[in-house]
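Here's the structure, in structure tokens; my notes come after.
Indexing begins at 1, ligand by ligand and atom by atom, following the structure's order. Keep in mind the model is a prediction, meaning the values are calculated, not measured.
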Amino acid sequence: MISKLARRVVDMRSDTVTRPTEAMRQAMSRAVVGDDVYGEDPTVMELEKKGAEVLGKEACVYVTSGTMGNLASFIAHCDRRGSEIIVGDRQHTYLYEQGGASTLAGIHPRVVRNRDDGTLDIQEVMQAIRPCSGADNDDAHYPRTVLVSIENTHNECGGVALPVDYVKNLKSSITSKGLKLHMDGARAGNAAVALGLPLSKVCEGADSISLCLSKGLGAPVGTLVAGEGKFISRVRRAKKALGGGWRQAGVLAATGLIALDTMHETLSKDHRLAKHFAQELNTIKGIRVPRMPQTNLVFFEVSGISLDDFASKLKHEHGILLSAGYGRSENLVRAAVHRDLSEDDIGAAIDAVDKIMKHIP
Ligand SMILES: *Cc1c(COP(=O)(O)O)cnc(C)c1O
């Protein structure tokens with residue numbers, strides 16, 4: 001009999017659980033390093049150069065996390081206290097980053113609705129811009145609107161990729177008011193693969209972008225922020241102030257280089273398996289997939305059993321972990337497909353859900 005402990009755990013809680021590959025570990029052990037705060041780590045410099053190329057921007061900086069990447073970008077865009085950013089109500093930067101922009105940087109968030117496709121209504125954005133946006137106007141009643149932040153792919157809206165034309169239209173509308181556009185592209189690689197476009201196209205309309213290397217791309221740590229040279233210099237300052245001055249970070253950057261090289265192949269596989277998973281789930285009684293996944297995140301509704309029971313049975317009887325009660329919904333589950341999951345793992349998850357749902361009285 002196989003003991004419970006020996007059973008393989010299929011961890012679908014998030015794509016952040018991916019572990020560095022053997023190639024990454026070897027690259028770490030060989031990485032040429034220096035002091036990154038002095039700008040002297042050759043491997044970090046190589047990653048930043050490559051990041052700028054891949055993201056199609058003038059410059060790039062390697063930071064510790066997506067949260068730091070977004071916050072440092074906000075700080076760099078909003079050089080005066082009392083600045084305001086317009087952000088969607090279902091975005092990570094608004095929901096899950098502790099309000100760091102306001103608590104740490106004196107930035108005021110103005111929230112507009114995210115539509116189900118992850119976009120913000122451009123009209124609503126334009127109406128939310130304060131009369132004293134831009135440089136000169138100085139009406140003392142208002143904060144100054146400086147930036148709009150979007151998310152791509154949009155996690156809470158089902159891992160959807162934002163259409164490139166939408167991003168461009170939003171950008172040209174807000175540019176007329178002197179605002180900049182930031183893209184929280186934690187999973188922008190997934191957007192690129194889903195849209196069949198290079199990453200540089202996906203973030204072309206944005207002034208700045210942050211891309212997580214530590215999610216589906218499989219690196220253990222790290223995020224790239226890209227934009228204009230002057231902007232990236234300000235992000236570097238903010239990064240240091242936020243405690244992100246890491247020294248011989250080349251041991252980590254070495255994994256980022258591999259993550260970028262293997263991105264397309266890895267994420268394509270993830271998306272294919274996610275689609276298969278969703279299709280099979282949808283045939284199980286009591287399970288409903290409201291929308292077929294475009295990328296690696298599969299959202300489904302469960303009925304006839306409480307989510308706690310469902311998740312607990314999956315975990316304790318089958319060794320399958322996922323995020324139950326995702327967002328604010330009472331019956332929604334999120335499963336993240338990622339590079340450490342095989343076709344067999346997905347098959348095991350489908351079988352487990354099937355068994356549980358069959359046994360509901
Ligand atoms: C994970 C995530 C982040 C934050 O990344 P961390 O590296 O966990 O700080 C930001 N935005 C989105 C959309 C994310 O999914």
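A salt bridge does not link Asp270 to Arg339: none of the charged nitrogens lies less than 4.0 Å from a carboxylate oxygen. For the pair Arg144 and Glu84, the salt-bridge criterion is not met [side-chain N within less than 4.0 Å of a carboxylate O].
Atom 14 (C) of ligand 1 has as its closest protein heavy atom Lys215 NZ, 2.6 Å. Shortest contact from atom 5 (O) of ligand 1 to any protein heavy atom: Gly66 CA, 3.3 Å. Nearest protein heavy-atom neighbour of atom 10 (C) of ligand 1: His92 ND1, 3.2 Å.
Checking side-chain atoms of Asn296 against main-chain N and O of Val337 turns up a donor-acceptor pair under 3.5 Å.
Screening Leu211, Val164, Asn190, Leu162 against Asn152 for a side-chain contact (heavy atoms from CB on, under 4.5 Å) leaves a single residue, Leu162. Partner of Glu301 under the side-chain contact (heavy atoms from CB on, under 4.5 Å) criterion, out of Leu307, Val333, Asn331, Ile287: Asn331 alone.
One hydrophobic cluster, built from ILVMFWY side chains closer than 4.5 Å, holds both Val289 and Ile356.
Residue Asn70 has at least one heavy-atom neighbour below 4.0 Å for each of these atoms of ligand 1: 10 (C). Close approach of ligand 1 to Arg187 is summarised as follows: ligand atoms under 4.0 Å from at least one heavy atom of the residue are 15 (O). Every atom of ligand 1 is numbered from 1 in the order shown, and the set under 4.0 Å from a heavy atom of Glu151 is 13 (C). Against a heavy-atom cut-off of under 4.0 Å, Cys212 is close to the following atoms of ligand 1: 5 (O). Applying the 4.0 Å criterion to heavy atoms of Ala186 picks out, from ligand 1, the atoms 2 (C), 11 (N), 12 (C), 13 (C), 14 (C), 15 (O).
In this pair, His77 and His182 present their aromatic rings perpendicular. The plane angle is above 60°, beyond the 30 to 60° band.
In this structure, His154 does not count as a contact residue of ligand 1, since none of its heavy atoms falls inside 4.0 Å of the ligand.
When non-hydrogen atoms are compared, ligand 1 lies under 4.0 Å from the backbone of Ser65 as well as from its side chain. Contact annotation for Asp184 and ligand 1: only side-chain heavy atoms (C-beta onward) come within less than 4.0 Å of the ligand.
Of the N and O atoms on the side chains of Asn70 and Glu97, at least one donor lies less than 3.5 Å from an acceptor on the other residue.
Checked against a 3.5 angstrom limit, the closest N/O atoms of Thr67 and ligand 1 fall inside it.
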